[in-house]
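Everything numeric here is computed off the predicted structure, so don't read it as measured data.
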Amino acid sequence: MSNRHSIIPIRDALSRVNQNVNLIGFVRESSFPRKSLGTDYVSILKIVDESYKDEEFSVHLFTEKLEHLPVVRSYKDIIILYQVKIEEFNGRIDAVFKKKSSSYALFDEQSCIDCNPYQASPGFRLLRPDIGFIRRMGNLCATFPFRGGGMDEYLLSLKHLKNKEYFDVVCKVLHVEKTANNTWMLFVWDGTDTPPLSFDMHLQDDEQSRLPLHVEQFPLPMDIICSFPCVGTVLRVMTNEAHEKFGLNFKGIGQWVRIRNMTCEVHFGLWKGLLLSSSRFRFLPNNDNTVLDCIRNFNFRVAEEEGRLPSWSSPPYLTVVDYENVPFATLMDLLTKPEVDVTVKCIVRVVAVFPPQAKDFCRPIESGQYRMRLTLEDPTARIHATLSGDNWVKFFGDSFSIVILKSKVNKLLGVLDGEDSSSVRNPPWIQCCISLNSGEYRICGTSFVG
DNA sequence: TTAGGGTTAG
């Protein structure tokens with residue numbers, strides 16, 4: 001017969017509405033700990049045990065301090081919960097952690113062995129009879145069935161990102177960085193390329209020609225950039241302002257996760273993911289089927305000679321290049337290998353030019369050379385590249401008519417003229433050779449063919 | 001108290 005001190009199976013908790021119970025379970029999902037709209041911090045965990053493995057049981061935890069909320073570290077983590085209140089809401093039965101009377105402790109596979117939790121709420125005291133429960137769960141965790149969670153209908157790869165919809169992403173978290181205004185940014189990757197975006201034609205010339213190179217306000221440190229993959233988009237995901245101290249509490253860096261119920265928007269032609277206050281995450285084992293699919297597709301892609309081409313690009317291109325034999329590279333290849341003085345071939349879009357007006361860039365600058373700056377983009381990065389001197393003439397030809405140059409640049413930028421004009425422009429893919437000279441990317445050996 | 005949810009357009 002159970003009493004107030006004994007752990008009960010989750011299934012039995014369903015018939016204990018308005019009672020306090022003790023539970024133990026594997027943590028399958030967690031919300032991102034956040035400030036509630038009341039006075040406390042809140043996190044919602046989904047737990048399972050042997051009695052309740054097909055569904056998941058929600059536990060709502062409220063604490064006065066953010067650091068008192070559980071920080072889950074892995075898909076094998078085990079939580080023991082003392083004196084959580086079973087409540088019913090809208091026909092669903094959940095547990096609520098009461099900050100005055102409840103307590104919890106978190107264990108991983110290792111800390112189950114000596115029952116020494118890696119995290120516990122203030123006042124947690126392990127009851128001696130529960131040692132056996134914890135060890136038993138520790139033994140189970142390697143074989144306990146793991147389900148990816150969430151309906152597959154919500155799952156999108158970065159390749160199929162959609163603006164302003166709610167979706168899930170299975171991705172590897174590469175990095176977390178604090179941004180200027182006290183929110184945090186996650187850098188996530190699934191090996192695919194986000195779709196190319198179009199650009200608002202209503203921007204002023206100045207804004208069109210000075211598009212930002214990345215979502216983050218300041219460039220990342222070089223050692224971080226260099227740790228990112230060079231193929232596939234690294235999506236920037238902003239946290240919500242309720243997610244205080246996000247980066248200090250999130251233990252998912254380097255892990256595959258499923259982020260659930262996130263959204264995204266477009267920031268100057270760059271995809272920007274957004275966490276919602278209702279977003280949550282699941283750690284995924286490396287042998288999760290969706291993770292294996294991502295890795296398999298990526299390995300298949302990079303094994304091909306054309307794996308470094310944007311998956312959204314296809315010939316014919318607006319340009320031809322002299323050096324057919326130079327290797328294809330992504331813009332991230334260029335950014336992460338700055339010490340190598342080579343020429344590579346890239347498939348990119350020209351998303352901006354500076355100066356913006358044809359009358360300015362078809363007039364030689366003081367040195368007598370033509371010179372302009374192109375903002376190039378592929379699914380991995382944006383860079384500024386210079387087109388100048390002989391390379392400029394090679395690119396545009398030796399007709400210096402403003403009308404002709406303007407028409408060529410408009411084609412590069414995806415600006416439709418005349419009757420086809422539209423409120424957005426969609427730059428086409430071009431091929432170009434890029435070399436790095438004295439810290440400057442230069443377009444070379446490339447000719448516009450229209 | 002707080003959240004609870006696959007939702008916002010009728």
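Checking B:dG6, B:dT7, B:dA3 against every side-chain atom of A:Tyr154, the shortest atom distance belongs to B:dG6. When distances run from any side-chain atom of A:His60 to the nucleotides B:dT1, B:dA3, B:dG5, the shortest one goes to B:dA3. Each of B:dT1, B:dG6, B:dT7 was ranked by its minimum atom distance to the side chain of A:Asp40; first place goes to B:dT1.
Residue A:Arg92 places at least one side-chain N or O under 4.0 Å from the OP1 or OP2 atom of B:dG5.
Both stacking criteria are satisfied for A:Phe62 over the base of B:dT2: a centre-to-centre distance under 5.5 angstrom and an angle between ring planes under 30 degrees. The ring of A:Tyr166 does not lie on top of the base of B:dG6; it is either too far (5.5 Å or more) or too tilted (30° or more).
Between A:Leu37 and A:Met262, it is A:Leu37 whose nearest contact on DNA chain B lies nearer the 5' terminus. Between A:Lys46 and A:Phe97, the residue anchored nearer the 5' end of DNA chain B, judged by the nucleotide with its closest heavy atom, is A:Phe97.
Base contact: A:Arg280 has a heavy atom under 4.0 Å from a base atom. Within 4.0 Å (heavy atoms only), A:Lys99 reaches at least one base atom of the nucleic acid. Nucleic acid contact for A:Asn90: none, since no nucleic acid atom lies under 4.0 Å from a heavy atom of the residue. Across all strands shown, A:Tyr41 has no heavy atoms under 4.0 Å from either base or sugar-phosphate atoms.
One cannot find a donor-acceptor pair under 3.5 Å joining the base of B:dG5 and the side-chain atoms of A:Asn261.
The ring-ring contact (aromatic ring centres under 6.0 Å, His included) test applied to A:Tyr441 returns no partner, not counting sequence neighbours. The ring-ring contact (aromatic ring centres under 6.0 Å, His included) check on A:His68 picks up nothing, with sequence neighbours excluded.
Using a cutoff of 4.0 Å between basic side-chain nitrogens and carboxylate oxygens, A:Arg301 and A:Asp193 are scored as salt-bridged.
A:Ser51 places a side-chain N or O within donor-acceptor distance of the main-chain N or O of A:Ile10, the cut-off being under 3.5 Å.
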